[in-house]
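Residue numbering restarts at 1 for every chain, and letters A, B, ... go by the order of the sequence lines.
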There are 2 protein chains.
Amino acid sequence: MASSPQRIDPTQLSAYFALIEVSSLLRHAVEQQLRDAGDLSYVQFQLLARLGASPSGSYRMTELADGVVYSRSGLTYQAQTLEQRGLVTRSPSVDDDRGTTVTITAQGREVLEQVFPGHIALLTEMLFEPLEPDHVEALADVLGRVRDHLRAAPPRSAAPRRRKAT
Amino acid sequence: MASSPQRIDPTQLSAYFALIEVSSLLRHAVEQQLRDAGDLSYVQFQLLARLGASPSGSYRMTELADGVVYSRSGLTYQAQTLEQRGLVTRSPSVDDDRGTTVTITAQGREVLEQVFPGHIALLTEMLFEPLEPDHVEALADVLGRVRDHLRAAPPRSAAPRRRKAT
DNA sequence: TATTGTTATACTCTATAACTATA
DNA sequence: TATAGTTATAGAGTATAACAATA
């Protein structure tokens with residue numbers, strides 16, 4: 001594959017390094033905040049937040065997994081955990097008896113609200129404080145491009161979950 | 001704690017979301033590539049890469065941990081793993097008998113070289129392909145600011161567990 | 001047959017606390 | 001006393017494969 005040695009220039013390198021360092025530090029701090037404020041892992045928070053943002057408060061397992069890049073069993077594990085804590089319910093889907101519909105509970109929304117302010121505060125403090133409005137805009141623009149690119153063209157390494165080899 | 005409800009605007013929100021999504025996808029893909037190409041976790045790669053970039057090929061445990069945000073025991077664990085694979089050696093530090101000096105081996109450098117091309121290729125493909133030079137520059141600039149900010153002012157949540165003010 | 005989701009299981013990684021030994 | 005690092009250990013998370021039920 002890598003027969004022609006590709007190269008990246010110094011600017012690219014520093015962009016990459018900064019991206020890694022910033023996202024790592026941010027992620028770490030956010031995980032701690034979520035843990036402290038609501039005993040949630042980052043993934044659990046993402047799942048809850050998605051459900052909370054849904055008009056119906058529900059998603060099917062598969063939909064819920066989308067974008068959170070998961071093995072199905074991993075999602076089942078988290079859904080179980082959240083259900084045991086009473087933050088979501090799971091019930092058979094109406095339209096497809098194979099499916100499971102996950103719904104956020106009132107208690108789930110409570111936890112979400114309990115966690116949000118600190119989350120926002122942390123982002124403000126860590127990510128946005130040193131940035132001017134046009135920096136933020138540039139960041140959203142550039143990373144938005146990358147995100148769209150990644151969504152459109154998943155790299156070869158990201159297997160599309162379907163596997164029928166022997 | 002958060003008595004005054006902070007808010008973030010839509011641009012900030014989309015910057016944050018894009019950052020999370022991009023870094024997650026990138027990280028995931030990179031981890032897979034490193035695993036496939038050299039049976040390395042991302043953390044192990046970072047440690048090796050650091051050692052490889054050091055003039056002496058060595059660091060003390062504590063120095064090595066810096067920035068990779070670790071518990072000391074976690075670093076010990078990884079260092080052990082790498083040592084067992086013959087990618088690094090550990091020996092008592094010369095200047096301080098309490099210390100341990102970690103040094104990358106020839107075999108460690110081999111693995112690094114074995115992994116680099118694919119790593120670069122993946123970055124090029126996933127991160128840089130959709131970006132113009134000034135996008136990259138903007139990214140490096142903005143994230144560089146954030147990184148400097150984070151380095152300068154660790155958030156309250158980041159307990160200064162192992163370092164005191166230097 | 002393909003798809004949805006669960007279960008069983010094994011493994012990696014991380015964190016806390018207790019411990020050893022040097023400074 | 002404080003610091004460097006290791007060890008013991010426990011827990012969370014993830015992935016793979018086998019499986020059951022439904023489409």
Side-chain angles (χ1 to χ4, degrees), chain A residues 24 27-29 31-32 34-36 39-47 58-66 68-85 88-102 157-166, chain B residues 24 27-29 31-32 34-36 39-47 58-66 68-85 88-102 157-166:
Chain A
S24 294
R27 175 91 177 222
H28 198 261
E31 295 218 316
Q32 214 164 312
L34 292 173
R35 188 71 66 190
D36 293 347
D39 195 28
L40 292 177
S41 71
Y42 193 72
V43 170
Q44 288 164 354
F45 170 69
Q46 286 189 91
L47 296 177
S58 302
Y59 275 120
R60 292 217 9 203
M61 290 290 282
T62 302
E63 295 168 331
L64 197 52
D66 273 1
V68 190
V69 186
Y70 251 120
S71 58
R72 287 173 303 165
S73 64
L75 180 57
T76 296
Y77 169 76
Q78 294 295 357
Q80 278 172 344
T81 303
L82 291 174
E83 188 178 41
Q84 279 161 15
R85 286 182 54 190
V88 305
T89 59
R90 285 189 294 173
S91 53
S93 295
V94 272
D95 51 317
D96 185 340
D97 275 350
R98 295 171 304 184
T100 296
T101 296
V102 184
S157 48
R161 178 169 315 231
R162 135 165 45 145
R163 226 235 219 127
K164 43 185 59 167
T166 305
Chain B
S24 294
R27 175 93 176 221
H28 198 261
E31 295 218 317
Q32 213 165 313
L34 292 172
R35 188 72 67 189
D36 292 347
D39 195 28
L40 292 177
S41 70
Y42 194 73
V43 170
Q44 288 164 354
F45 170 69
Q46 286 189 88
L47 296 177
S58 302
Y59 275 120
R60 291 218 10 203
M61 290 290 280
T62 301
E63 296 169 329
L64 196 52
D66 272 0
V68 191
V69 185
Y70 251 119
S71 58
R72 287 172 305 166
S73 64
L75 180 58
T76 296
Y77 168 77
Q78 294 295 357
Q80 278 172 344
T81 302
L82 291 174
E83 188 178 41
Q84 277 160 17
R85 287 183 54 188
V88 306
T89 58
R90 285 188 295 172
S91 54
S93 296
V94 272
D95 50 316
D96 184 341
D97 274 350
R98 297 171 302 180
T100 297
T101 295
V102 185
S157 50
R161 193 174 312 138
R162 83 171 74 84
R163 277 167 72 109
K164 49 185 203 172
T166 308

Going by heavy atoms in the side chains, are [X] and [Y] under 4.5 Å from each other?
X: B:Thr76; Y: B:Thr100; answer: no
X: A:Arg85; Y: A:Leu40; answer: yes
X: A:Val102; Y: A:Gln78; answer: no

Gap between atoms [atom1] and [atom2], on [X] and [N] respectively (whole Å):
X: B:Asp66; N: D:dG5; atom1: CG; atom2: P; result: 11 Å
X: B:Gln84; N: D:dT6; atom1: CD; atom2: C1'; result: 14 Å
X: B:His28; N: D:dG13; atom1: NE2; atom2: P; result: 16 Å
X: A:Leu64; N: C:dG5; atom1: CG; atom2: C1'; result: 13 Å
X: B:Gln46; N: C:dC13; atom1: CD; atom2: C1'; result: 14 Å
X: A:Leu82; N: C:dG5; atom1: CG; atom2: P; result: 16 Å
X: A:Arg85; N: D:dA12; atom1: CZ; atom2: C1'; result: 13 Å
X: A:Tyr42; N: D:dT14; atom1: OH; atom2: C1'; result: 18 Å

Any side-chain N or O of [X] below 4.0 angstrom from OP1/OP2 of [N]?
X: B:Arg35; N: C:dC13; answer: yes
X: A:Thr81; N: D:dA12; answer: no
X: B:Gln78; N: C:dT14; answer: yes
X: A:Gln44; N: D:dG13; answer: yes

Please list, pair by pair, any protein nitrogen or oxygen found under 3.5 Å from a nitrogen or oxygen in nucleotides 6-10 of chain C.
from: C:dT6; atom 1: OP1; to: A:Arg90; atom 2: NH1; distance (Å): 2.7
from: C:dT6; atom 1: OP2; to: A:Thr76; atom 2: OG1; distance (Å): 2.7
from: C:dT7; atom 1: OP2; to: A:Gln80; atom 2: NE2; distance (Å): 2.6

Residues in side chain to side chain donor-acceptor pair (under 3.5 Å) with [X], at least two apart?
X: A:Asp96; value: A:Arg98
X: B:Tyr42; value: A:Tyr16
X: A:Arg90; value: A:Glu83

Report each atom pair, protein N/O against N/O of nucleotides 20-23 of chain D, whose distance is under 3.5 angstrom.
from: D:dA23; atom 1: OP1; to: A:Asp97; atom 2: N; distance (Å): 3.1

Which residues pass the side chain to side chain contact (heavy atoms under 4.5 Å, CB included) test with [X], not counting sequence neighbours?
X: A:Ser73; answer: A:Ser71
X: B:Ser91; answer: B:Thr101
X: A:Asp97; answer: none

query = Looking for any heavy atom pair under 4.0 Å, which part of the strands does B:Ser41 touch: base, sugar-phosphate only, or nothing?
reply = sugar-phosphate
query = Across the strands shown, which category fits A:Gly74 at heavy-atom distances under 4.0 angstrom: base, sugar-phosphate, nothing?
reply = nothing
remark   = Taken in chain and number order and not counting sequence neighbours, the residues that satisfy salt bridge (charged side-chain N to carboxylate O under 4.0 Å, His left out) with B:Glu31 are B:Arg27
ask   = Mapping B:Thr101 and A:Leu40 to their closest nucleotides on DNA chain D, which lands nearer the 5' end?
value = B:Thr101
